[in-house]
Amino acid sequence: MADLAAIIDDIAAEMADAPDRGTVASYIPPLAAVDPRRFGIAVVTADGRECIAGDGDMAFSIQSVSKVFALTLALGAVGDQLWRRVGVEPSGSAFNSVVQLESEHGIPRNPFINAGAIVVTDILLGHHEPREAIGEMLRFVRMLAGDDAIYIDEAVARAEQDTGFRNMALANYMRSFGNLDQAAERVLGVYFHHCALAMSCRQLARAGRFLMAGGRNPDTGHNIVSARRARRINALMLTCGHYDGSGEFAFRVGMAGKSGVGGGILAVVPGIASIAVWSPGLNERGNSQLGTLALERLVQRTGWSIFDPRVF
Ligand code: GLN
């Protein structure tokens, strides 16, 4: 394999020239205003190397990538009981779809579609005040990344709140089935704030290291989660992390991955690397167009797909 830093630089240069960059999310002004020419990538390897290219140190809205961290915290709070309220199957439908919820009695298919993440956030909220739960999330990702500069973009959170009618509908609908303990407004206040976490690719790749390392925080050697739980979170990222584009992501890239509508993707190859890419233009399923292409090229040049025998 060629030098990792050179591979990352080459990919960033290729992405700078890519003609088809997808469409930037436009449902809230702070996301619509992001420059579609941005591209960043960060790779953190199991042996501690960090390679960054393009806009890899520029903060962006991680959006649904935050669902991975929310799930990790909620599992820490209630353990496997969580799976009574959220499924572990791919949805095959859009991230904010309402249709399955009725036939499946208010139990969302998985923790990464919006409905599932809203239930996870309800669990996270538990008996806390919303601002305490938001603070807990922020402290958690700062600790995972080893970086206290990570922040929540209040303008994004406010804009989500102002336009989040469909998320409100999902939350209230689940409450009607008894699958939401708290009032929809309280839960969504926390949900919109964790979606509004602003992080760079470097910070995001660092925050994903525990999933690469069998649940262990490489900075401290302590376990964030057990190896079994890390494996399960990775499995859910692979099967559900890109919504109805999860099959295509597994087919083209073959890493555990979670996308966000801000154009970020966190991708994990257990034992090998934690990777974050960011390009704000999205494909028709709401996943980063160039982020996916960049990961596909990274796999071609490194053999880092989880399905590639060279890894093992
Ligand atoms: N905050 C966004 C929403 O709830 C997150 C969606 C996403 O990133 N796919 O609609």
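Note that ligands are numbered from 1 as they come in the structure, with each ligand's atoms numbered from 1 the same way. Here the structure is a predicted model, which is why all the values come from computation and not from measurement.
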> Which residue holds the protein heavy atom closest to atom 3 (C) of ligand 1, what is that atom called, and what is the gap in Å?
Replying inline: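 That would be Asn114 ND2, 3.5 Å.
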> How far apart are the closest heavy atoms of Ser246 and Gly241, and which atoms are they?
Replying inline: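 The answer is OG-N, 3.6 Å.
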> Can you name the closest pair of heavy atoms from Ala117 and Tyr191 and give their distance?
Replying inline: CB-CE1, 3.8 Å
>> Distance check, rounded to the nearest 0.5 Å: Trp278 atom CH2 versus Ile265 atom CD1?
In response: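 Spacing of CH2 (Trp278) from CD1 (Ile265) equals 13.5 Å.
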Ligand 1 atoms in contact with [X] (distance to a heavy atom under 4.0 Å):
| X | value |
| --- | --- |
| Cys195 | 1 (N) |
| Ser64 | 5 (C), 6 (C), 7 (C), 8 (O), 9 (N) |
| Gln63 | 1 (N), 2 (C), 5 (C), 8 (O) |
| Asn167 | 3 (C), 4 (O), 10 (O) |
| Tyr243 | 7 (C), 9 (N) |
| Tyr27 | 1 (N), 2 (C) |

Applying a strict 4.0 Å limit to heavy atoms, is [X] in contact with ligand 1?
| X | value |
| --- | --- |
| Asn96 | no |
| Tyr191 | yes |
| Gly260 | yes |

Does a side-chain N-to-carboxylate-O contact under 4.0 Å join [X] and [Y]?
| X | Y | value |
| --- | --- | --- |
| Asp219 | Arg209 | yes |
| Arg37 | Asp17 | no |
| Glu296 | Arg252 | yes |

>> Below 30° counts as parallel, above 60° as perpendicular, anything between as tilted: where do the rings of His242 and Phe249 land?
In response: parallel
>> Is there a side-chain hydrogen bond (donor to acceptor under 3.5 Å, both in side chains) between Gln289 and Glu284? Walk through the geometry before answering.
In response: CA-CA 9 Å; Gln289 172 101 357; Glu284 60 290 348; over 6 Å; no
> Going by distance only, is there an N or O of Glu160 that falls short of 3.5 Å from an N or O of ligand 1?
Replying inline: yes
